[in-house]
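One structure below.
Remember, it's a predicted structure, so these values are computed and weren't measured experimentally.
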Number of protein chains: 2
Amino acid sequence: MELLEILECSPPLAREPLSAGQAAGVARVFKALGDPVRLRILSIVASRAGGEVCVCDITDAFELSQPTISHHLKVLKDVGLLTSERRSSWVYYRLVPETLGELSALLTVPTTV
Amino acid sequence: MELLEILECSPPLAREPLSAGQAAGVARVFKALGDPVRLRILSIVASRAGGEVCVCDITDAFELSQPTISHHLKVLKDVGLLTSERRSSWVYYRLVPETLGELSALLTVPTTV
DNA sequence: CATCTATATTGATGGAGGTCTATAGATGCT
DNA sequence: AGCATCTATAGACCTCCATCAATATAGATG
């Protein structure tokens with residue numbers, strides 16, 4: 001089952017308890033967000049004007065080895081937060097806004113106002 | 001520095017890249033959400049009508065040892081997602097809606113509509 | 001005080017994950 | 001073809017963490 005489907009079928013945390021299956025899927029995505037490097041990578045891609053970022057630009061932004069960055073990108077891609085496309089020598093990563101939006105909705109709390 | 005403060009000072013991922021310090025703080029909270037048991041615990045507390053749940057009720061909802069549940073509750077409390085209050089023999093946990101709300105805002109994506 | 005219940009802490013263990021080096025694969029250029 | 005560059009994969013190392021059994025702490029009650 002696609003992770004995005006699980007997110008779409010999971011009620012907001014504040015509405016009703018998650019099933020074990022839903023929790024397992026949702027946890028995979030949050031676990032991907034639970035690393036500072038991945039969070040920074042995601043924010044770099046998500047906030048980029050053109051919408052896409054070359055791997056080389058991301059690698060330059062960190063003092064980490066290239067394989068380590070590649071590993072983090074794979075994790076973010078596997079949970080459906082990023083997609084990638086190769087064009088000639090370079091690979092460009094893009095945000096999947098639907099996944100991020102579903103996560104945001106999941107955490108939404110009834111307005112305390 | 002309080003984690004909630006860090007969340008309040010962190011821009012939405014889609015707006016600008018997180019600093020290393022912001023990412024470290026935010027990652028701690030998402031890491032806490034990156035476990036299926038903790039997600040279910042959080043949803044149980046967040047969706048409870050009265051707003052508070054006794055530890056014994058949570059323990060009953062899982063086939064895990066009592067110390068394991070206690071450990072997960074501590075993790076959720078340490079990152080500011082839950083608070084606890086002891087009343088006589090029992091300890092009651094409550095959601096901290098501000099923290100969840102800040103997380104939700106952090107993941108908000110400009111409406112694709 | 002003694003004891004029972006509810007919850008937290010400690011210490012141990014097995015497995016997951018972040019990082020690195022080395023290497024492989026893919027693309028373009030000469 | 002051969003080489004240089006960009007990215008991904010494989011394997012190793014080390015740390016972190018989820019879980020448990022055992023024990024400690026706190027409150028109620030006899």
### Task
Map every base of DNA chain D to its dot-bracket character, where paired means a Watson-Crick or G-U wobble contact with both distances under 3.5 Å and | marks a partner outside the strand.
||||||||||||||||||||||||||||||
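- Put simply, the side chain of B/Arg15 does not reach to within 4.5 Å of the side chain of A/Ser47, judged on heavy atoms.
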Side-chain atoms of residues 66-76 of chain A: list all donor-acceptor pairs with protein atoms under 3.5 Å, sequence neighbours left out, distances to 0.1 Å.
| unit_1 | atom_1 | unit_2 | atom_2 | d |
| --- | --- | --- | --- | --- |
| A/Thr68 | OG1 | A/Ser65 | OG | 2.9 |
| A/His72 | ND1 | A/Arg38 | NH1 | 3.1 |

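- In this structure, the side chains of B/Asp78 and B/Leu3 stay at 4.5 Å or more apart for every pair of heavy atoms.
- Chain B approaches DNA chain C within less than 4.0 angstrom (heavy atoms of the protein), and the contacting nucleotides run 5' to 3' from C/dA6 to C/dT9.
- Listed by residue number, B/Cys54 are the residues of residues 44-54 of chain B with a heavy-atom contact under 4.0 Å to DNA chain C.
- Proximity of A/Leu33 to A/Leu103: side-chain heavy atoms (C-beta onward) are separated by under 4.5 Å at one or more points.
- For the segment residues 78-93 of chain A, residues with any heavy atom less than 4.0 angstrom from an atom of DNA chain D are, sorted by number, A/Ser89, A/Trp90, A/Val91, A/Tyr93.
- Applying the side-chain contact (heavy atoms from CB on, under 4.5 Å) criterion to A/Ser104, with sequence neighbours excluded, gives B/Ser104, B/Leu107, B/Thr108.
- Residues passing the ring-ring contact (aromatic ring centres under 6.0 Å, His included) test with B/Tyr93, sequence neighbours excluded: none.
- Side-chain contact between B/Ile58 and B/Val45 is present, with heavy atoms from C-beta onward closer than 4.5 Å.
- Residues A/Val96 and A/Leu42 fall into different hydrophobic clusters, defined by Ile, Leu, Val, Met, Phe, Trp and Tyr side chains chained together at heavy-atom separations under 4.5 Å.
- With sequence neighbours left out, A/Ala23 forms a side-chain contact (heavy atoms from CB on, under 4.5 Å) with A/Leu18, B/Pro36, B/Leu39, B/Arg40.
- Considering OG of A/Ser10 and CG of A/Leu7, their distance stands at 6.0 Å, rounded to 0.5 Å.
- Sorted by first and then second residue, the salt bridge (charged side-chain N to carboxylate O under 4.0 Å, His left out) pairs with a member in residues 47-62 of chain B read B/Glu52-B/Arg87, B/Glu52-B/Arg94; sequence neighbours excluded.
- Put simply, B/Phe62 and B/Tyr92 are part of two different groups of oily side chains (I, L, V, M, F, W, Y) that touch within less than 4.5 Å, one to the next.
- The CD1 atom of B/Ile41 sits 8.0 Å away from atom CG of B/Asp35, with the distance rounded to the nearest 0.5 Å.
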#### Entry: Sugar-phosphate or base contact per nucleotide [nucleotides 11-22 of chain D; S, B, -; heavy atom under 4.0 Å]
------SSBBBB
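- Every residue meeting the side-chain contact (heavy atoms from CB on, under 4.5 Å) condition with B/Glu5, not counting sequence neighbours, appears here in chain and number order: B/Met1, B/Glu2.
- For B/Ser84, the side-chain hydrogen bond (donor to acceptor under 3.5 Å, both in side chains) partners at least two apart in sequence or on another chain are B/Lys77.
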